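A short worksheet on the structure shown next.
Note that the structure is predicted; figures quoted are calculated from it, not measured. Nothing fancy with the numbering, it's 1 onward along the sequence. Below, all heavy atoms of this structure are taken into account, side chains as well, without hydrogens, waters or symmetry copies. Counting starts at 1 for both ligands and their atoms, following the listed order.
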Amino acid sequence: MDIAFARLALPPRGALIFPLAEGAGLPPLALRADRATGGQLKRAIAAARFKGRKGQSVSVLAPAGLRASRVLLVGLGKAAEIDSLAVENAGGEAIAPLLASGEREAAVAAEPVKGAKLGPAEIAALFAFGARLRSYRFAKYRTKEEEEKKPTLARLVAMAADPAAARRAFAPLAAVAEGVFETRNLVSEPPNVLYPASFAAEARRLSRLGVRVEVLDRRRIERLGMGALLGVAQGSAREPRVVVMRWRGAGAGRGARPVAFIGKGVTFDTGGISIKPSAGMEDMKWDMGGAGVVTGLMKALAGRRARVDAVGVIGLVENMPSGTAQRPSDIVRTMSGQTVEVLNTDAEGRLLLADVLYYARTRFKPRFMVDLATLTGAIVVALGAEHAGLFSNDDRLVERLIAAGKATGELLWRMPLAEAYDKMLESDAADMKNIGGRDAGPITAAQFLQRFVDKTPWAHLDIAGVTWAKKDKPTVPKGATAFGVRLLDRLVAEHYEGKG
Ligand code: BES
Ligand code: MN
Ligand code: ZN
């Protein structure tokens, strides 16, 4: 679906959308539309008890006296409370029923809202952003589809008094949407198509945007001494990769310290020799979600020319059982020199992250590191799909992350770290073991990671519950969510741009 911008007018065809604040009257163009229909819109508003609340909508088909094929009224909530998320969500909810409705075009009228913090150009841009995010579909493997289910909507025209201003406001959002789509595509690909080498090849394509991409192959990884990552990879016929993506947008000197994002990229997690039950194992195709988010985030930052120096480092492996697979009780040596007794080969994410976190920290000396990983089933038990688990050694980073989460609707909930949990990782045979027992699973996993981050400000997002959605949300169709891209883009935009 394309997005275009135009002046406010009653359109000659297609769906016409009016976003309306709660309790406010109809703005001028909506009033004109109502008069042209002989009062049909006001009657529909009364009949549906439409108040303009968030999530409310009314649709009027074949309105008399207008050339539009339907009029859609969508609620934004109370004027004083309208924020970017409210407008994005309204855009997503408005567009969803139109996508495969037979409509080819829709136009949204962004008129000034009295008492709102956002102006009409911003509203037009944010509404279009939400609509675009919701329009995502992963359909490349479908060769037949019923006519009625095929998308028909080709264009959304965002109308505002100053269309040039709306277009300017939309430009960075379009780049973020591209990043989100990159992540959703990666996460949706099946594991026979997306494996470490093919993932790395896709990441390489970011170089077109000015991202410097390095792909480390098995020999390089061996020379670096990433024994924990290699141990996970050794059961698979697919060789591992580590990909380093660098965006230098701050214009600062060579010595400037970047921000760093690290992702777990297990392109399929069978569990290895500690094999998972077959029911539901297909979900483990999205065990590369963290790496997918880091890749999409780098695309978003580069796409909008963010004034920041950022590095993304992802560890890509496939966790398979085979004659060459690692065994429970194997002891591996991490790049940091610390040794790990592998008691469960299904606790593989922390193993590769140990090496990738250590590598990112010692090579780049970043201002902070945020890692994302579909790390534990237990975080899904604790938080469901409503929050990702947040673990951190830095209160300021936590505060900023939680705020960015609220602003983008990608919510985080802080979980504890403490010495007593760390003790649960003590091993009889090596420096640590890779599982802490049944209790406090997500926490002992995070404690394990913390042993490789030293004093660097660091946050770990356990995204196992939020990476794949079982139902639609306003701006996220069910399936791959790309949870984390908007959140971290926002974190960077709010705190780390233009300040060296
Ligand atoms: N990739 C899984 C975690 C996961 C589970 C992600 C469900 C998404 C949905 C991870 O590698 C794993 O297997 N974790 C184990 C850890 C355990 C062996 C300590 C788990 O959660 O059971
Ligand atoms: Mn696992
Ligand atoms: Zn896993």
Side-chain angles (χ1 to χ4, degrees), residues 187-188 191 194-196 199 228-229 231-236 238 240 262-293 314-321 325-330 340-356 371-389 391 415 421-422 424-425 427 432-449 460-470 479-481 483-484:
V187 171
S188 303
L194 195 82
Y195 47 90
F199 191 138
L229 183 148
V232 177
Q234 76 186 34
S236 172
R238 310 287 199 188
I262 287 89
K264 167 179 172 180
V266 177
T267 60
F268 195 77
D269 180 13
T270 64
I273 295 298
S274 312
I275 198 161
K276 290 181 181 294
S278 54
M281 201 197 274
E282 64 276 12
D283 283 354
M284 289 301 103
K285 82 163 183 181
W286 46 263
D287 207 22
M288 36 55 68
V293 170
I314 56 180
L316 303 171
V317 298
E318 186 180 55
N319 189 21
M320 295 290 273
Q326 72 179 341
R327 295 138 291 245
S329 77
D330 277 6
V340 180
E341 184 185 16
V342 179
L343 290 181
N344 189 322
T345 65
D346 197 12
E348 85 297 341
R350 63 197 74 181
L351 291 169
L352 66 103
L353 284 171
D355 278 334
V356 177
D371 77 71
L372 303 105
T374 48
L375 203 62
T376 66
I379 200 71
V380 193
V381 176
L383 301 176
E386 309 309 323
H387 291 84
F391 302 81
M415 306 283 281
Y421 297 112
D422 187 72
M424 293 160 77
L425 296 169
S427 157
M432 69 197 85
K433 52 188 184 182
N434 77 327
I435 48 170
R438 217 182 67 91
D439 293 353
I443 307 177
T444 52
Q447 292 290 163
F448 184 94
L449 301 181
H460 157 58
L461 309 185
D462 192 335
I463 56 171
V466 295
T467 293
W468 191 269
K470 294 204 191 87
T481 63
F483 181 109

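Side chain of T481 to main chain of A469: no donor-acceptor pair is present (N/O by atom type, distance under 3.5 Å, no hydrogens or angles). With hydrogens and angles ignored, the 3.5 Å screen pairs no side-chain donor or acceptor of D462 with any backbone N or O of I379. One N or O on the side chain of D330 and one on the backbone of R327 form a donor-acceptor pair closer than 3.5 Å. Proximity of a side-chain donor or acceptor of N434 to a complementary backbone N or O of T345 within less than 3.5 Å is not detected.
In terms of distance to the Mn ion (ligand 2), the nearest N, O or S atom of D269 is named OD2. Atom OD2 is the N, O or S atom of D287 at the shortest distance from the Zn ion (ligand 3). Its N, O or S atom nearest to the Zn ion (ligand 3) is what matters here, and for D269 that atom is OD2. Sorting the N, O or S atoms of E348 by how far they are from the Mn ion (ligand 2) puts OE1 first. Among the heteroatoms counted here (N, O or S) of E348, OE2 is the one nearest to the Zn ion (ligand 3).
Under a 4.0 angstrom heavy-atom cut-off, D346 registers as being in contact with ligand 1. Residue D269 places a heavy atom less than 4.0 Å from ligand 1. Heavy-atom separations between W468 and ligand 1 are all 4.0 Å or longer.
At least one side-chain heavy atom of L353 sits less than 4.5 Å from a side-chain heavy atom of L375. Contact annotation: the side chain of F268 never approaches that of S236 to less than 4.5 Å [non-hydrogen atoms, C-beta and beyond]. Residues F448 and V340 form a side-chain contact, since some pair of their non-hydrogen atoms from C-beta on lies under 4.5 Å apart. Contact annotation: the side chain of V266 approaches that of E348 to within less than 4.5 Å [non-hydrogen atoms, C-beta and beyond].
Within a 4.0 Å radius of atom 22 (O) of ligand 1, the protein has no heavy atom.
From the protein, the heavy atom lying nearest to atom 18 (C) of ligand 1 is N344 ND2, 3.5 Å. The protein non-hydrogen atom at the shortest distance from atom 16 (C) of ligand 1 is R350 NH2, 3.9 Å. When hydrogens are left out, the protein atom nearest atom 19 (C) of ligand 1 is I435 CG2, 3.6 Å; that is the closest non-hydrogen contact. At the shortest separation from atom 14 (N) of ligand 1 among protein heavy atoms lies L375 O, 3.4 Å. Ranking the protein heavy atoms by distance from atom 20 (C) of ligand 1 puts G377 N, 3.9 Å first.
Looking at M288, M284, E348, it is M284 that brings a heavy atom closest to atom 7 (C) of ligand 1. Compare A373, A347, G436, S274 by their heavy atoms: the one nearest to atom 17 (C) of ligand 1 is in A347.
Taking backbone and side chain together, D346 holds no N, O or S atom under 2.8 Å from the Zn ion (ligand 3). Here V266 does not reach the Zn ion (ligand 3): none of its N/O/S atoms is less than 2.8 Å from the metal.
When each atom of ligand 1 is checked for a heavy atom of T376 under 4.0 Å away, the hits are 3 (C), 21 (O).
Applying the side-chain hydrogen bond (donor to acceptor under 3.5 Å, both in side chains) test between K276 and each of D346, D283, N319, T270 identifies D346 as the sole match.
Contact annotation: for D287 versus ligand 1, heavy atoms closer than 4.0 Å belong to the side chain alone. At a heavy-atom cutoff of 4.0 Å, ligand 1 is contacted by the side chain of K264 but not by its backbone.
Ion pairing between a basic and an acidic side chain is recognised when a charged N comes within 4.0 Å of a carboxylate O; K264 and D287 show such pairing.
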